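Nothing fancy with the numbering, it's 1 onward along the sequence. Being a predicted model, the structure only gives us computed values, none of them experimental.
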Amino acid sequence: MSRLADVFHTTVRVRYQETDQMGVVYHSNYFVWFEVGRTSLIRKLGVSYRDLEAKGIILPVIEANCTYQSPARYEDVVRIETTVAELTPAKIRFQYRAVRDTDGEVLANGYTLHMWVNREMKPVNLRRKWPDIYQLLQAPISTQ
């Protein structure tokens with residue numbers, strides 16, 4: 001089974017400060033939740049962002065997108081579904097879906113594209129420089 005097909009689930013509960021005056025989650029918070037999903041997925045694979053950075057691997061966002069479909073509100077539990085949609089030696093693209101846990105309604109879909117770079121922000125070939133991490137990202141993971 002390909003790792004690219006696996007979906008990792010994590011949940012967040014909407015906090016009051018994440019909402020606007022209308023009681024709706026402010027749009028930029030979805031990108032924060034996407035980061036929660038992404039870092040949780042990587043940790044589930046057995047490595048953390050801290051581990052990556054200790055090896056000199058930096059993963060800046062070079063493109064981000066979010067399409068909003070339905071509002072999330074204070075106290076909603078939102079399930080963030082995260083997958084590795086594309087993995088190359090130079091880049092990785094994560095796909096996200098935010099779903100209200102109580103009724104399964106899709107709230108938003110999005111993605112972030114990241115480039116593998118070193119501390120000097122120079123592109124690196126992850127497969128060549130850190131084949132163990134590249135392999136880890138391709139290996140199947142167990143979802144909850």
Any link between Met115 and Phe94 through a network of hydrophobic side chains (Ile, Leu, Val, Met, Phe, Trp, Tyr) touching at under 4.5 Å? no
For the hydrophobic clusters of this structure (ILVMFWY residues joined by side-chain heavy atoms under 4.5 Å, transitively), does one cluster hold both Val99 and Leu107? no
Side-chain touch Ile57/Val124, heavy atoms, less than 4.5 angstrom: no
What I'd like to find out is whether the side chain of Trp33 reaches to under 4.5 Å of the side chain of Val78, using heavy atoms alone. yes
How long is the span from the CZ atom in Phe8 to the OG atom in Ser40, to the nearest 0.5 Å? 5.0 Å
Nearest non-hydrogen partners of Arg127 and Asn125, listed with the distance: N-OD1, 3.1 Å
Is any side-chain heavy atom of Lys55 closer than 4.5 Å to a side-chain heavy atom of Trp130? yes
Mind listing the closest non-hydrogen atom pair of Asp6 and Thr83 along with its distance? O-CG2, 3.0 Å
Heavy-atom side-chain proximity of Pro60 to Met121 below 4.5 angstrom: yes
Before we go on, tell me: are the rings of Tyr111 and Tyr96 under 6.0 Å apart, centre to centre? no
Using a 3.5 Å distance criterion without hydrogens, assess whether the side chain of Thr19 forms a donor-acceptor pair with backbone atoms of Tyr16. yes
Tell me whether Val47 is reachable from Val84 by hopping between hydrophobic residues (I, L, V, M, F, W, Y) whose side-chain heavy atoms are closer than 4.5 Å. yes
To the nearest 0.5 Å, tell me how far Thr10 OG1 sits from Arg43 CZ. 8.5 Å
Hydrophobic cluster membership, with links at side-chain heavy-atom distances under 4.5 Å among I/L/V/M/F/W/Y: are Val12 and Tyr49 in one? yes
Looking at CD of Gln135 and CG of Leu45, how far apart are the two atoms once the value is rounded to the nearest 0.5 Å? 11.5 Å
Step by step, work out the salt bridge (charged side-chain N to carboxylate O under 4.0 Å, His left out) result for Arg73 and Glu75. CA-CA 6 Å; Arg73 299 184 185 278; Glu75 284 288 321; over 6 Å; no
Which pair of heavy atoms, one from Gly46 and one from Asp51, lies closest together, and at what distance? O-OD2, 4.5 Å
Does any non-hydrogen side-chain atom of Asn118 lie less than 4.5 Å from one of Ile58? no
Using the side-chain contact (heavy atoms from CB on, under 4.5 Å) definition, which of the options Glu81, Gln69, Arg100 pairs with Val106? Gln69
Does Leu59 offer a backbone N or O that forms a donor-acceptor pair with the side chain of His114 under 3.5 Å? yes
Measure the shortest side-chain to side-chain distance between Lys91 and Thr88 over non-hydrogen atoms and say whether it is less than 4.5 angstrom. yes
Side chains of Gln95 and Arg93: donor-acceptor distance under 3.5 Å anywhere? yes
Single-linkage hydrophobic cluster, 4.5 Å side-chain cutoff, Phe34 and Val24 together: no
Glu18/Arg15 ion pair, N-O < 4.0 Å: yes
When rounded to the nearest 0.5 angstrom, what is the spacing between CG in Asp103 and OG in Ser70? 8.0 Å
Between Tyr30 and Pro71, what is the shortest heavy-atom contact and its length? OH-C, 4.4 Å
In this structure, NZ of Lys44 is separated from NE2 of His9 (nearest 0.5 Å) by 11.0 Å
Using a 4.5 Å cut-off on heavy atoms from C-beta on, say whether the side chain of Val36 contacts that of Ile80. no
Under 6.0 Å from the CZ atom of Arg119, do we count more than 12 heavy atoms belonging to anything else shown? yes
With a 4.5 Å limit on heavy-atom distance, are the side chains of Leu137 and Leu126 in contact? yes
